[in-house]
Asker: 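Dropping the structure in here first, questions after.
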2 protein chains.
Amino acid sequence: MRNQGAGTGPEMEIVHLLRAVAVELGLHSARFANQNGMHPTDVRALIALMDAARAGEEMTAGRLGSALGLNSAGTTALVDRLERAGHVRRVRSEGDRRRVVVEVDQRAVELGQAFFGPLIGSAVDLLQGYDERELAAIRSFLEGVREAAAEG
Amino acid sequence: MRNQGAGTGPEMEIVHLLRAVAVELGLHSARFANQNGMHPTDVRALIALMDAARAGEEMTAGRLGSALGLNSAGTTALVDRLERAGHVRRVRSEGDRRRVVVEVDQRAVELGQAFFGPLIGSAVDLLQGYDERELAAIRSFLEGVREAAAEG
DNA sequence: CCGAGTATCTCGCTGAGCGAGATAATACGG
DNA sequence: CCGTATTATCTCGCTCAGCGAGATACTCGG
């Protein structure tokens, strides 16, 4: 049986630290949401939309909803909210006219970059202080945790 | 001006990886919430309560609410829910009888350990594959990100 | 004691998200 | 082609988490 307890070794300290980082990043997103009259779900949606855009993929209403764990009714309400706020546009897909492609407005992208940019910049600055082997350790640890969390 | 763009350098890759980990950990908590008929806020509350217990501190209703960003009405409703589900007990503070100390039930602790234990164990196992310098790099990077996120 | 301050709770309300089902467009066997 | 199954989104009515306002209960300094 692996270590599951509230041990106090150096490994557990890092595990708690990682959890604390996750909580802190969540609170940071919540601040962004509050400042812009949005809800946590709306922020998660914008992030998913920007990720898709960066990967060059179209994001339909349905894919967005399932990425966030919403049903179709909730997804419609979410896209309504974001569209009313001017953060996204609904575009009927040309190929399949049942589908609604959700596009992020450039203004929303800039809003997000203005808010999250400094934090991302700090993280990049931090990383520039490590050598190859240290960077590889950080990367492989994060990769491993992501895989472990995705399985559960 | 620091790096804010959608750069593709090795640093940005790690930053996106960290964000992905945060998202994945959030989804993992959401699965725990669903499996036990709870809401995300309830899970966050249990985690805050267990953290306080581990630190040997009493958690009052008010402190719990402000840790989660709820007002007093929402906090009362939250503690009502958790108490109804048998996860916590309300105990009037002896010293100051206005205060309500919220205590986690042992059953809830075990429930949480059963669910999060494997993931924590995997992370600890992962960490045992690194040497001192690599562990120090992981720790200091996480510490730095936490501080940067807490400032914003 | 009395009034100010503090911790929690009650009440009424708003709105995010759900289940069920409607609507509209596509796929596909005959 | 036609009819039926399938898929994508939307509409409707509802539940319940969380909010604002204010009530209640306790503490403490003067």
Side-chain angles (χ1 to χ4, degrees), chain A residues 26-27 29-49 52 57-85 87-103, chain B residues 26-27 29-49 52 57-85 87-103:
Chain A
L27 291 175
S29 286
R31 278 193 290 276
F32 176 68
N34 279 335
Q35 283 182 24
N36 296 91
M38 299 168 69
H39 300 265
T41 299
D42 305 45
V43 180
R44 288 170 56 212
L46 287 180
I47 290 174
L49 287 166
E57 293 171 4
E58 278 190 346
M59 189 58 128
T60 63
R63 291 214 318 134
L64 177 61
S66 59
L68 303 181
L70 298 181
N71 75 357
S72 64
T75 303
T76 297
L78 166 69
V79 178
D80 283 352
R81 271 197 314 277
L82 292 175
E83 193 171 45
R84 216 177 307 127
H87 296 316
V88 306
R89 288 180 300 280
R90 275 181 166 92
V91 181
R92 280 279 164 192
S93 172
E94 265 310 303
D96 181 343
R97 297 170 62 76
R98 291 167 302 180
R99 301 207 285 166
V100 167
V101 176
V102 183
E103 290 179 357
Chain B
L27 291 175
S29 287
R31 277 192 291 274
F32 175 68
N34 280 336
Q35 282 183 24
N36 296 91
M38 298 168 69
H39 299 265
T41 299
D42 304 45
V43 179
R44 288 170 57 212
L46 287 181
I47 290 174
L49 287 166
E57 293 171 3
E58 277 190 347
M59 189 59 127
T60 63
R63 291 214 317 135
L64 177 61
S66 59
L68 303 180
L70 299 181
N71 75 358
S72 64
T75 303
T76 296
L78 166 69
V79 178
D80 283 351
R81 272 198 313 277
L82 292 175
E83 194 171 44
R84 217 178 306 127
H87 297 315
V88 306
R89 288 180 301 280
R90 275 180 165 92
V91 181
R92 280 281 165 191
S93 172
E94 265 309 302
D96 182 342
R97 296 170 62 78
R98 290 168 303 182
R99 300 208 284 167
V100 167
V101 175
V102 183
E103 290 179 357

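Just so it is clear: chains get the letters A, B, ... in the order the sequence lines come, proteins before strands, and each one is counted from 1. Note that the structure is a prediction, hence the values are computed from the model and not measured.
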Asker: Using atom CG of A:L70 as one end and atom P of C:dG19 as the other, report the distance to the nearest whole Å.
Answerer: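 Those two atoms, CG and P, are 11 Å apart.
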Asker: In B/S/- notation, 5' to 3', how is nucleotides 5-16 of chain D contacted by protein heavy atoms closer than 4.0 Å?
Answerer: --BSBBBB----
Asker: Let me know the distance between CZ of B:R97 and P of D:dC28, rounded to the nearest Å.
Answerer: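 Distance check: B:R97 CZ to D:dC28 P gives 13 Å.
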Asker: Suppose we screen for side chain to side chain donor-acceptor pair (under 3.5 Å). Which residues come up paired with A:R89, at least two apart in sequence or across chains?
Answerer: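 Residues passing side chain to side chain donor-acceptor pair (under 3.5 Å) with A:R89: A:E103, A:D105.
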Asker: Can you measure B:E94 atom CD to D:dT27 atom P for me and round it to whole angstrom units?
Answerer: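 Rounded to whole Å, this separation is 10 Å.
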Asker: Given atom CG of B:L68 and atom P of D:dC19, what is their separation to the nearest angstrom?
Answerer: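 Whole-Å distance recorded here is 10 Å.
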Asker: C:dG17, OP1 or OP2 - any side-chain N/O from A:N71 closer than 4.0 Å?
Answerer: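 No, outside the criterion.
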Asker: Could you tell me how far apart A:L78 (CG) and C:dG15 (P) are, to the nearest whole angstrom?
Answerer: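 From A:L78 CG to C:dG15 P: 16 Å.
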Asker: Using side chain to side chain contact (heavy atoms under 4.5 Å, CB included) as the criterion, list what pairs up with A:D80, not counting sequence neighbours.
Answerer: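 Applying side chain to side chain contact (heavy atoms under 4.5 Å, CB included) to A:D80 gives A:T76, A:R84, A:R90.
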Asker: For A:L68, check side chain to side chain contact (heavy atoms under 4.5 Å, CB included) against everything at least two apart and list the hits.
Answerer: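 For A:L68, the residues satisfying side chain to side chain contact (heavy atoms under 4.5 Å, CB included) (neighbours in sequence not counted) are A:T41, A:R44, A:A45, A:L64, A:L70, A:L78.
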Asker: By side chain to side chain contact (heavy atoms under 4.5 Å, CB included), which residues pair with A:R92, not counting sequence neighbours?
Answerer: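 With neighbours one apart ignored, the set is A:V100.
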Asker: Please work out if B:G69 contacts a base, only the sugar-phosphate, or nothing of the nucleic acid, heavy-atom cut-off 4.0 Å.
Answerer: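 Since only primed, P, OP1 and OP2 atoms lie under 4.0 Å of B:G69, the category is sugar-phosphate.
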Asker: Kindly write out the residues that satisfy side chain to side chain contact (heavy atoms under 4.5 Å, CB included) with B:N71, not counting sequence neighbours, or none if the list is empty.
Answerer: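 Partners of B:N71 under the side chain to side chain contact (heavy atoms under 4.5 Å, CB included) test: B:A73.
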Asker: Under 4.5 Å between any side-chain heavy atoms of A:D42 and A:H39, yes or no?
Answerer: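 Contact flag for A:D42/A:H39 side chains = yes.
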